[in-house]
Amino acid sequence: MKVRTRVAPSPTGDPHVGTAYIALFNYCFAKKHGGDFILRIEDTDQERSTAESEQQILNSLRWTGLTWDEGPDVGGPHGPYRQSERASLYSEHAQVLLDKGEAFRCFCTADRLNDLRKEQMSSGAGKLGYDGHCLSLSPEEINRHLEAETPHVVRLKIPQEGVCQVTDMLRGEIDIAWSEVDMQVLLKSDGLPTYHLANVVDDHHMQISHVIRGEEWINSAPKHIRLYEAFGWSPPQLCHLPLLRNPDKSKLSKRKNPTSIHYYQKIGILPEALLNYLGRMAWSMPDEEEKFSVEQMIKHFDLDRISLGGPIFDTEKLTWLNGRWIREDHDIEQLSERLMEWALNPETLRSILPMLQPRLDRLSDIGRFTGYFLSGHLEITADQLAHKKLTPEQVNQAIVWTMWRLDELKSWSSEAISDALRECAVELELKPRDFFAPLYPAITGMKSATPLFDTIGVLGRDLVRARLRDASKLLGGVSKKGEVRWKKAYELGRKQRLEALNTEEN
RNA sequence: GUCCCCAUCGUCUAGCCUGGCCUAGGACGUCAGACUUUCACUCUGGUAACACGGGUUCAAAUCCCGUUGGGGACGCCA
């Protein structure tokens, strides 16, 4: 059987380095065995998925240099490769399970489920999950609900007892008692599938032979195995990779560490260096060589060389490795080409020049304005952030509010940024000009610079977040205690904002 | 809380499966020095780890058990 692997990102935010990491291992495994590597977009979450995010993921993954044999942009024999375009396939399969008696309809309301969860939490019973309420509904009751068009979901039936044996390519047999497995929702009330159903149906139809994914999926593997069994399909081999971590060992997250591929591109990391570094996460060359290309990685790739401790994503070593790629693999001609490819090109210039033109008296003035567009982190001092009307605490608060509020933003347009930040100023009861003042040095390193919202827009989410975090740290950062208090105040503002939004809509 | 996974320098890791060659190797960082008009690069040297306790064995970083620690999962998110 041909080896076929896939990476299946969900377009709900910035393209994540974790996606590139998983993609890299899937790619290497497939290519090592002469197989195919597939890209599939898992956009069944209507609430959070955006076309913008999908495009960025595609762009970022392309930028790394990884190529896929099948995908939404390149097509292939098993398409479509976007789950939102396969909706009927999933509902048909849900029906099959219903007919086979492997799944059941559940008419429980969100309220009942919430209460149930609360009760389970507080009773400290340990076991959480659906209580099987709708399992015993009579055919008449079900029909009555269906006729009344009561919103409902389809859930997977789970064996009452016994254990599920999950075979992991790295860990061997893992036993998980069926009693620990929840009766997972397969089809949501909007008719779209959850990850579990869509994933299994697609992996089967796309003939995926090996599922290489993050460790966070181990606990739901029994659900997937159950689904394969229920359909009468043979499951793929499972392989769970250790998770990339923050320096504090928690799962890599943007709140603690820049996670977007775009950020690393922006600060001038070479794609081959990023992939090289990602390849060093949990994996090593047989001769322990640190610097290697994807081709070399494929040549020596072996799942046995994966170490299971979760690696911390260390930007310092990435930077060192990147330096080696710059120095050892480029002559001056090639380097100048890389630089032009990166940012010294008309396209980049065109994106910032509209803001610059009114400020240029001499062409050479470009120098002091482009610095902060081309830099990664800024070297600023605490007194650059000082403001005559605000206390350092207030300045810090303005910066932190900006950071939090920007994180909530769905669209990264300067209008959206402008609206969001103006709201922050109102919430903090500061005049806009006072509120914005410290943001200039924090984000640009200068007291006055190009228009704030456009600048933030061009710099991008992760870089802006990183600079704001740097600035906040300069002012003492957010202490554990302060975080709680500020978060409360921030949430209050957020709540009022949402309420205002709702009354507007009504 | 319940379940699952994991455990070698501060960090990435080699060694572990197939016990002895391990007084545990390499790399990042850091410190010291050399080179260089400065800086950087480069080079040399130093620093620093088998989580703990029990077993098995002539012999354990390597195998087994327990403890501790870390992480993950417990959504009509993926």
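Throughout, a chain's letter reflects where its sequence line sits, starting with A, and its residues are numbered from 1.
A donor-acceptor contact under 3.5 angstrom links the side-chain atoms of S189(A) to the base of C76(B). One can find a donor-acceptor pair under 3.5 Å joining the base of C77(B) and the side-chain atoms of R48(A). With hydrogens and angles ignored, a donor-acceptor pair closer than 3.5 Å exists between the side chain of E288(A) and the base of G25(B).
When each of D314(A) and I176(A) is assigned the nucleotide of RNA chain B bearing its nearest heavy atom, the one mapping closer to the 5' terminus is I176(A).
Here, A61(B) and C22(B) have their P atoms 13 Å apart, quoted to the whole Å. Comparing U44(B) with C35(B), their P atoms are spaced 15 Å from each other, to the whole Å. Spacing between C16(B) and C50(B) at atom C1', rounded to whole Å, works out to 11 Å. Taking atom C1' on both G19(B) and U62(B), the two are 6 Å apart, rounded to the nearest angstrom. The gap from the P atom of G20(B) to that of C41(B) amounts to 39 Å, rounded to the nearest Å. Between A51(B) and G71(B), the distance separating the two C1' atoms is 15 Å to the nearest Å.
Looking at S209(A) and R4(A), their side chains never bring a donor and an acceptor atom within 3.5 Å of each other.
In this structure, the CG atom of N246(A) is 16 Å from the C1' atom of C12(B), given to the nearest Å. Put simply, CD1 on I306(A) is 13 Å from P on A7(B), counting in whole angstrom units. Going from atom CG of D302(A) over to atom C1' of A14(B) covers 15 Å, rounded to whole Å. Atoms CG (D168(A)) and C1' (C17(B)) sit 15 Å apart, rounded to a whole Å.
In this structure, G45(B) and C31(B) make a Watson-Crick or G-U wobble pair, each of the two defining distances being under 3.5 angstrom.
Taking 4.0 Å as the cut-off between side-chain N and carboxylate O, E54(A) and R82(A) count as a salt-bridged pair.
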